[in-house]
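Step one of this worksheet: look at the structure below.
Treat the numbers as computed from the prediction; the structure is a model and nothing was measured. Throughout, residue positions are numbered sequentially from 1 according to the sequence presented. The analysis underlying the following values was restricted to heavy atoms, covering all of them including side chains, and did not include hydrogens, waters or symmetry mates.
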Amino acid sequence: MGKKALLVIDMQKSLVEDKPFDIDNVVSNIQKLIKSCRSNGVEVIYLQHQNDEDDFLKKGTEGWQI
């Protein structure tokens with residue numbers, strides 16, 4: 001069996017600050033998954049969207065942060 005990993009994709013401040021549907025539960029569930037994975041030696045990998053032509057998700061801005 002291959003290695004296991006948890007992928008956390010596009011959970012950036014700008015993408016969740018407008019409170020999409022049930023975001024508090026989504027974030028809570030992701031935090032639980034991350035904690036469980038780390039406790040069990042499963043790698044956690046974060047992927048971030050980046051758009052250098054738009055301040056919304058420009059690398060290094062507050063909204064780009066996870």
Side-chain angles (χ1 to χ4, degrees):
M1 183 180 239
K3 290 178 77 174
K4 295 180 183 180
L6 173 67
L7 297 177
V8 180
I9 302 171
D10 288 351
M11 289 304 298
Q12 293 154 267
K13 290 182 179 184
S14 282
L15 299 175
V16 298
E17 67 186 5
D18 287 337
K19 300 289 185 190
F21 177 75
D22 208 19
I23 192 61
D24 293 329
N25 283 327
V26 170
V27 170
S28 176
N29 287 336
I30 291 171
Q31 289 171 332
K32 289 175 189 173
L33 283 169
I34 292 169
K35 183 177 180 179
S36 176
C37 286
R38 288 182 175 154
S39 295
N40 290 291
V42 175
E43 186 174 7
V44 179
I45 300 170
Y46 296 89
L47 299 176
Q48 290 172 271
H49 182 85
Q50 178 178 322
N51 185 352
D52 288 329
E53 296 176 18
D54 183 350
D55 287 339
F56 181 64
L57 288 172
K58 188 171 185 174
K59 185 176 181 177
T61 64
E62 183 69 22
W64 179 77
Q65 302 300 316
I66 294 176

Which pairs of donor and acceptor atoms, one on a side chain in residues 42-49, lie under 3.5 Å apart (sequence neighbours left out)?
{"unit_1": "Y46", "atom_1": "OH", "unit_2": "R38", "atom_2": "NH2", "d": "3.1"}
{"unit_1": "Q48", "atom_1": "NE2", "unit_2": "W64", "atom_2": "O", "d": "2.7"}

Drop me the distance from [X]'s [atom1] to [Y]'s [atom2], to the nearest 0.5 angstrom.
X	Y	atom1	atom2	answer
N29	D24	CG	CG	11.0 Å
E17	I23	CD	CD1	11.5 Å
K35	S39	NZ	OG	6.5 Å
L57	Q12	CG	CD	5.5 Å
I9	L15	CD1	CG	12.0 Å
C37	I30	SG	CD1	11.5 Å

Is K32 close to S28 at the side-chain level, that is, under 4.5 Å between some pair of heavy atoms?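 Heavy-atom side-chain distance check passes, below 4.5 Å.
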Partner of S36 by side-chain contact (heavy atoms from CB on, under 4.5 Å), out of L33, I34, N40: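 Running side-chain contact (heavy atoms from CB on, under 4.5 Å) over L33, I34, N40 with S36 returns exactly one hit, N40.
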